[in-house]
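Here's the structure we're looking at; comments come further down.
All values derive from a computational prediction rather than experimental measurement. Naming convention: chains lettered A, B, ... in sequence-line order (proteins, then strands); numbering from 1 in each chain. Atoms considered below: every heavy atom in the structure, side chains included; atoms not considered: hydrogens, waters and symmetry mates.
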Number of protein chains: 2
Amino acid sequence: MNIGEVAERTGLPAKTIRYYEEIGLITPHRSANGYRSFDDTHAHKLAFLGRARGLGFSIEECRALLALYEDRARASADVKRIAAGHLADIEAKMAELAAMRDTLSELIDQCAGDHRPDCPILADLAEDGGG
Amino acid sequence: MNIGEVAERTGLPAKTIRYYEEIGLITPHRSANGYRSFDDTHAHKLAFLGRARGLGFSIEECRALLALYEDRARASADVKRIAAGHLADIEAKMAELAAMRDTLSELIDQCAGDHRPDCPILADLAEDGGG
DNA sequence: CATAAGGCTTCCAGTCACGGGAAGGTCAAG
DNA sequence: CTTGACCTTCCCGTGACTGGAAGCCTTATG
């Protein structure tokens, strides 16, 4: 199948699929006219990549997961390690965002939000480290 | 003061300060030798920017906040609106991450993590949409 | 005066994972 | 023969910097 069909099947934009080829995640065949030609295995891998990316795995993590997926002698521990590392990243990001959210929502609550210029949000941002 | 000193005072890397000048967030003077010359106002603005960036505001949001900060006739409602929009962004990102975390941690729990190849994490990623 | 160290300058390239769009080849239908 | 959809490659832009090269300025030392 051509790139348009595999794009529709996998839900990935054609641009993304070309990019994945460029960085060596997949290697579609070429038809006589130069068009990329995908088979079910390619579509399957692309769907795999789409789901892994959807869970926030980086491209390099996806590459490793795909290699493990194709390795029948893999150890599930290797997969688990990658996933656990990614989970830790996610939790770290969430903690960072939670800290921002807490500070911000407190400041927002304190701000009158009217026509007057006095604003605890700006006051906090302008504050010297001292206080 | 030179860029090194203001960098140390504000905690921002010199590279970042040059970048902020390039995009028009600050406009330091120039000494006769061509060096950037910062006064306390510049340092104050940079510190403001550092704190706003630390709360995750984008550069354009920082630009707007800085303009409001310098506008004595501002309405606190304008500040509050920007902050509330950013808070909503943060909460959306957190929700996305929470969904990833939930799926991932469930899969990780189900994975034996040993030498055997069977792995529910890979199985899930490889799954057809049908199931 | 020469030299070395450290700070400053500009400019260019890279990051991550694509997306937009131009210029042009290919294919099926009318 | 033309239209229109699809495909190709190539290059630029994103956000907010970061790293590094090449070279000028200043200060300290011999």
Side-chain angles (χ1 to χ4, degrees), chain A residues 1-39 42-43 45-46 48-66 85-86 89-90 93 96-97 100, chain B residues 1-38 42-43 45-46 48-66 85-86 89-90 92-93 96-97 100:
Chain A
M1 68 194 113
N2 285 347
I3 199 169
E5 191 180 338
V6 77
E8 195 178 1
R9 276 204 206 178
T10 61
L12 294 174
K15 277 277 192 186
T16 298
I17 297 173
R18 292 196 193 96
Y19 174 68
Y20 287 172
E21 181 189 9
E22 190 188 328
I23 62 174
L25 282 180
I26 48 160
T27 309
H29 311 296
R30 292 286 176 149
S31 304
N33 58 12
Y35 287 15
R36 287 169 183 82
S37 177
F38 300 85
D39 57 27
H42 295 129
K45 277 199 209 178
L46 286 169
F48 181 101
L49 288 169
R51 280 187 285 267
R53 293 285 301 128
L55 281 176
F57 286 99
S58 74
I59 289 288
E60 290 315 309
E61 285 167 338
C62 288
R63 194 189 300 277
L65 289 173
L66 203 53
H86 179 47
D89 289 350
I90 287 175
K93 241 175 238 170
E96 210 175 326
L97 289 175
M100 290 180 191
Chain B
M1 70 195 113
N2 285 346
I3 200 168
E5 192 181 336
V6 78
E8 195 178 1
R9 276 203 207 179
T10 60
L12 294 174
K15 278 278 195 187
T16 298
I17 297 173
R18 292 197 193 96
Y19 173 67
Y20 287 173
E21 181 188 9
E22 191 188 328
I23 62 174
L25 283 181
I26 47 161
T27 309
H29 310 295
R30 292 286 176 150
S31 304
N33 59 12
Y35 286 15
R36 287 169 182 82
S37 178
F38 301 83
H42 295 129
K45 277 199 207 178
L46 285 168
F48 181 101
L49 288 168
R51 281 186 285 267
R53 292 286 301 128
L55 281 176
F57 286 100
S58 73
I59 289 289
E60 290 314 311
E61 285 166 338
C62 287
R63 194 189 300 277
L65 289 174
L66 203 53
H86 179 46
D89 289 350
I90 287 175
K93 242 176 235 169
E96 209 175 328
L97 289 174
M100 290 180 190

Legend entry - Distance in angstrom units between Arg36(A) CZ and dT26(C) P, rounded: 15 Å
Inset, instruction - Take the C1' atoms of the five end pairs on each side of the helix from dC1(C)-dG30(D) to dG30(C)-dC1(D), derive the two axes, and give their angle rounded to 10 degrees. - result: 40°
Legend entry - pair Arg9(B)-Leu46(B): side-chain heavy atoms closer than 4.5 Å: no
Inset, instruction - Could you state the atom-to-atom distance from CD of Glu22(B) to C1' of dC12(C) in whole Å? - result: 12 Å
Inset, instruction - Go through the structure and list residues passing ring pair (Phe, Tyr, Trp, His ring centres under 6.0 Å) with Phe57(A), not counting sequence neighbours. - result: His86(A)
Inset, instruction - Tell me, please, which residues at least two apart from Asp89(B) pass side chain to side chain donor-acceptor pair (under 3.5 Å). - result: none
Legend entry - With sequence neighbours excluded, residues passing side chain to side chain donor-acceptor pair (under 3.5 Å) with Arg53(A): none
Would you tabulate the nitrogen or oxygen pairs shorter than 3.5 Å linking the protein to nucleotides 2-7 of chain C?
| unit_1 | atom_1 | unit_2 | atom_2 | d |
| --- | --- | --- | --- | --- |
| dG7(C) | N2 | Tyr35(B) | OH | 2.7 |

Inset, instruction - Sequence neighbours left out, what passes side-chain contact (heavy atoms from CB on, under 4.5 Å) with Glu8(A)? Give chain and number order. - result: none
Legend entry - Taking every non-hydrogen atom, the tightest pair across Cys62(B) and Leu49(B): CB-CD2, 3.8 Å
Legend entry - Start and end of chain A contact along DNA chain D [non-hydrogen atoms, under 4.0 Å]: dC6(D) to dC10(D)
Inset, instruction - Within residues 5-13 of chain B, find the residues that approach DNA chain D with a heavy atom at under 4.0 Å, and present them sorted by residue number. - result: Pro13(B)
Legend entry - Where Met100(A) and Gly54(B) come nearest, the two heavy atoms and their spacing: CE-O, 3.6 Å
Inset, instruction - Ignoring the backbone of Lys15(A), work out which of dC11(C), dT26(C), dG21(C) is nearest its side chain. - result: dG21(C)
Inset, instruction - Strictly below 4.0 Å, heavy-atom distances to any atom of DNA chain D: list the hits from residues 55-63 of chain A, or just say none. - result: none
Legend entry - Which nucleotide in dT10(C), dC18(C), dG21(C) has an atom nearest any side-chain atom of Arg18(B): dT10(C)
Inset, instruction - Can you tell me which residue pairs pass the salt bridge (charged side-chain N to carboxylate O under 4.0 Å, His left out) test with a partner in residues 26-35 of chain A, sequence neighbours excluded? - result: Glu21(A)-Arg30(A)
Inset, instruction - Taking the side chain as every heavy atom from C-beta outward, state whether His42(A) and Met1(A) have any pair of such atoms under 4.5 Å apart. - result: no
Inset, instruction - For residues Leu66(B) and Leu25(B), report the shortest heavy-atom separation together with the two atoms involved. - result: CD2-O, 3.8 Å
Inset, instruction - Quick one: list whatever passes ring pair (Phe, Tyr, Trp, His ring centres under 6.0 Å) with Tyr35(B), sequence neighbours left out. - result: none
Inset, instruction - Compare all side-chain heavy atoms of Arg18(B) with those of Glu22(B) and state whether any distance is below 4.5 angstrom. - result: no
Inset, instruction - Return the minimal non-hydrogen interatomic distance between Phe38(A) and Ile26(A), and the atom names on each side. - result: CE2-CD1, 4.0 Å
Legend entry - Pairwise side-chain contact, Thr10(B) with Ile17(B), heavy-atom cut-off 4.5 Å (strictly under): yes
Legend entry - side chain to side chain donor-acceptor pair (under 3.5 Å) partners of Glu60(A), counting only residues at least two apart: Arg63(A)
